[in-house]
Amino acid sequence: MAASEPPPRATAGRCGYFVEKKKRFCRMVVAAGKKFCGEHAGAAEEENSRKRILCPLDPKHTVYEDQLAKHLKKCNSREKPKPDFFIQDINAGLKDETEVPENLVPISSLSEERLENLIKKLRKVCKGLNSTLKNQILSHPALHDVLNDPKNGDSAAKHLKQQASILGNIEKLKLLGPRRCFVEFGAGKGKLSHWVDIALKDAEKVHFILVEKVTTRFKVDGKHKKKNSVFERLQIDIQHLCLNKIPILNKEKLPVVGIGKHLCGAATDLALRCLVETYAASYEEGNEEPLAKRIKSDKTEKGVNPLAEEGSEKIVPEKWTPVAGIVIALCCHHRCDWRHYVGKEYFKTLGLGAVEFHYFQRMSSWATCGMRKTPSEASNIATVRKEGRNVDGEEHDEEGCTASEDGSESTPGFLTVEEKKKIGHLCKLLIDQGRIDYLQQKGFNPALQYYTDPVVSLENVLLTALPTHSSSPDKIV
């Protein structure tokens, strides 16, 4: 019998429909007394004459037409009731009359004169900015063993180095300690929180809130077995997240530490507004008692500060604040959005607006224009993605974030690759400076630094911030 011919019969208890494309019978289990699975009953026309149609909520599956109303009530893709912490667009920022016009042309369609004017304006406003960031490449003992595991591939090793450095910076800022809540934005698999939890060892009353808007496979949530740590995963867009409506934070009122590894584009702005406006602003009226008065334990009775680790009394902020600190690895400035951007006022003070912001955030992708994959490498990556495998085995696809979304940011030939890279870095710096200015206006002491080598990740800038009334990390070394 030829290899292309189907076998004589389907496996008992399995669908009897032969899938021509796969050259085999369907392997779905069928109901008792049935010959075909629900998906192939209509196609085979041997089950009955009932018609199957695409589900209007999710066209990836079908449903019997005469059972559509019943199916829509239980379909997994149906809109589910919103939790209390969902408040529509609470962190989105206000719309104004200076929204980016829809008819803006791509950079590749700009005249050489207009593009030169934009670049001159960029260089002028960036003239007084410090473009040389401090190297703050650190590590942490919690990842020592796994970093030296010879079984690590190149990709795994790169992500571990980044996680170790972020953790080292969290520690340097004196943010590792008991009785606080770590909120990981864009959590993905939750690996950053996983390492923070390991680094904290037996610290008391530590909570983790993992925020991710999409369903994530291969999460590490199940690895957390410590009695003193509580993990909660929220599937929600940061744009709609109201932290003070989360039961744990509403009840315990613990200081929050906002963390994130490669928080893409506008997600960084949404997270900042979520922390310092939506959450911190709810405590500004001063109705909350200081944390030391609200927490009573054996340690407080003995005179030990509840927020301090043993032998480190100096790390306690002079005044309690709802947001104890922010540590976010930045990413994908070309995916920023003017409405969500927290640095609007900073741009306006420089005489810039929505149009300039639009082109600067697009030009920020030039920072990596000389480091993109070759056509053959890009083809290999595309093949891997098509097969459903993650390129780097991590929750964040860095390769897809080093270039602009539409791939159309080619420019006239008067700019060299090196010049484009410098302009791209200036665009990133300017956008980040707007975030720095925003945090300063909100009562924080922010900073930008390189947290990893560009060989490890091209997106290697870390944004950190502490409340201005807390002890400066430089004074507590």
Rounded to the nearest 0.5 Å, what separation is found between the [atom1] atom of [X] and the [atom2] atom of [Y]?
X    : Y    : atom1 : atom2 : value
L175 : I259 : CG    : CD1   : 10.0 Å
L173 : Q136 : CG    : CD    : 8.0 Å
T278 : L241 : OG1   : CG    : 8.0 Å
N135 : Q449 : CG    : CD    : 10.0 Å
S229 : D202 : OG    : CG    : 9.0 Å
N91  : H340 : CG    : NE2   : 10.0 Å

Closest non-hydrogen atom pair, [X] against [Y]:
X    : Y    : answer
Y451 : N169 : CB-ND2, 4.2 Å
N460 : P454 : ND2-CD, 3.6 Å
I238 : G186 : CD1-N, 4.4 Å
D337 : F357 : C-CE2, 3.7 Å
N152 : V146 : ND2-O, 2.6 Å
L275 : G258 : CD1-CA, 4.0 Å

Is there a side-chain contact between [X] and [Y], using heavy atoms and a 4.5 Å cut-off?
X    : Y    : result
E184 : V196 : no
K121 : Y359 : no
L115 : M363 : yes
L463 : L272 : yes
Y341 : C336 : no
L234 : I246 : yes
I166 : L462 : yes
T216 : R233 : yes

Review point. Can D432 and H333 be said to form a side-chain contact (heavy atoms from CB on, under 4.5 Å), step by step?
Key: CA-CA 9 Å; D432 290 339; H333 293 69; 2.9 Å; yes

**Study point:** Trace of the side-chain contact (heavy atoms from CB on, under 4.5 Å) decision for W338 with D269
**Key:** CA-CA 10 Å; W338 177 249; D269 300 296; over 6 Å; no

Revision key, fill the gap. Only residue of R179, K205, R180 satisfying side-chain hydrogen bond (donor to acceptor under 3.5 Å, both in side chains) with E252 is K205

Review point. Between K344, R273, E345, E277, which is the residue that forms a side-chain hydrogen bond (donor to acceptor under 3.5 Å, both in side chains) with Y438?
Key: E277

Under 6.0 Å from the [atom1] atom of [X], do we count more than 12 heavy atoms belonging to anything else shown?
X    : atom1 : value
K80  : NZ    : yes
K82  : NZ    : yes
N76  : CG    : no
D149 : CG    : yes
K422 : NZ    : no
R123 : CZ    : no
Q88  : CD    : yes
N130 : CG    : yes

Point to revise | Y450: partners by ring pair (Phe, Tyr, Trp, His ring centres under 6.0 Å), with sequence neighbours left out | key: none

Check your understanding: What residues form a ring pair (Phe, Tyr, Trp, His ring centres under 6.0 Å) with F444, not counting sequence neighbours?
Key -> none

Test your reading of the model: is there a side-chain donor-acceptor pair from [X] to the backbone of [Y], 3.5 Å cut-off?
X    : Y    : result
E212 : G188 : yes
E116 : E113 : no
R114 : S111 : no

Exercise for review: Dump the intermediate steps for side-chain hydrogen bond (donor to acceptor under 3.5 Å, both in side chains) on H159 and K261, then the final yes or no.
Suggested key: CA-CA 10 Å; H159 286 290; K261 175 178 177 286; 2.9 Å; yes

Practice item. Please work out whether the ring planes of F208 and F231 are parallel, tilted or perpendicular, with thresholds of 30° and 60°. Key: parallel

Exercise for review: Take K421 and E418 through the test salt bridge (Lys or Arg N to Asp or Glu O under 4.0 Å) and record every step on the way to the result.
Suggested key: CA-CA 5 Å; K421 284 169 59 179; E418 284 302 315; 3.3 Å; yes

